[in-house]
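Read through the structure below, which is laid out as structure tokens, and then see the notes.
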Amino acid sequence: MSVAKITEINASSSTSFEDAIQKGVDRANKTLDRVQGAWINEMKVKVKDGKVTDYRVNMKVTFILKD
């Protein structure tokens with residue numbers, strides 16, 4: 001039987017939400033073993049002078065604990 005744990009990660013990108021998500025997942029994979037998926041909890045943007053300058057995501061990443 002497997003047991004999973006969930007951790008919360010914030011990531012950002014100046015390009016897109018998709019890029020911010022990928023950066024968060026990539027970073028999680030560097031630290032956590034057996035990452036299984038991610039749930040995007042929140043998406044927001046930073047705006048300067050009427051232009052979007054930063055895409056930010058808050059995600060919950062699920063990974064399987066070692067036996």
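- Under a hydrophobic clustering in which Ile, Leu, Val, Met, Phe, Trp and Tyr are joined whenever their side-chain heavy atoms come within less than 4.5 Å, directly or via other members, Ile21 and Val45 fall into the same cluster.
- Side chain of Thr53 to backbone of Lys46: a donor-acceptor contact under 3.5 angstrom is found.
- Side-chain atoms of Gln36 come within 3.5 Å of backbone N or O of Arg34 as a donor-acceptor pair.
- Remark: Ser16 engages Glu18, Asp19 in a side chain to side chain contact (heavy atoms under 4.5 Å, CB included) (not counting sequence neighbours).
- Residues Met43 and Arg56 have side chains not in contact (no heavy-atom distance under 4.5 Å, counting atoms from C-beta outward).
- Inter-residue side-chain proximity for Asp33 and Phe63 is flagged as unmet; no heavy-atom pair is nearer than 4.5 Å.
- Residues Trp39 and Val35 fall into different hydrophobic clusters, defined by Ile, Leu, Val, Met, Phe, Trp and Tyr side chains chained together at heavy-atom separations under 4.5 Å.
- With rounding to the nearest 0.5 Å, the separation of OG in Ser12 from CG in Asp54 is 4.5 Å.
- Within the 4.5 Å cutoff, the side chain of Val25 has heavy atoms near those of the Met59 side chain.
- The minimum heavy-atom distance between Ala20 and Ser13, with the atom names listed, is N-CB, 3.6 Å.
- Residues Ile9 and Ile64 are members of separate hydrophobic clusters, defined by side-chain heavy-atom contacts under 4.5 angstrom among Ile, Leu, Val, Met, Phe, Trp and Tyr.
- Every side chain to side chain contact (heavy atoms under 4.5 Å, CB included) that Thr62 has, sequence neighbours left out, goes to Ala4, Ile6.
- Considering every non-hydrogen atom in both Tyr55 and Thr15, the closest pair reads CE1-O, 3.3 Å.
- One finds the CZ atom of Phe17 at 16.0 Å from the CD atom of Gln22 (value rounded to the nearest 0.5 Å).
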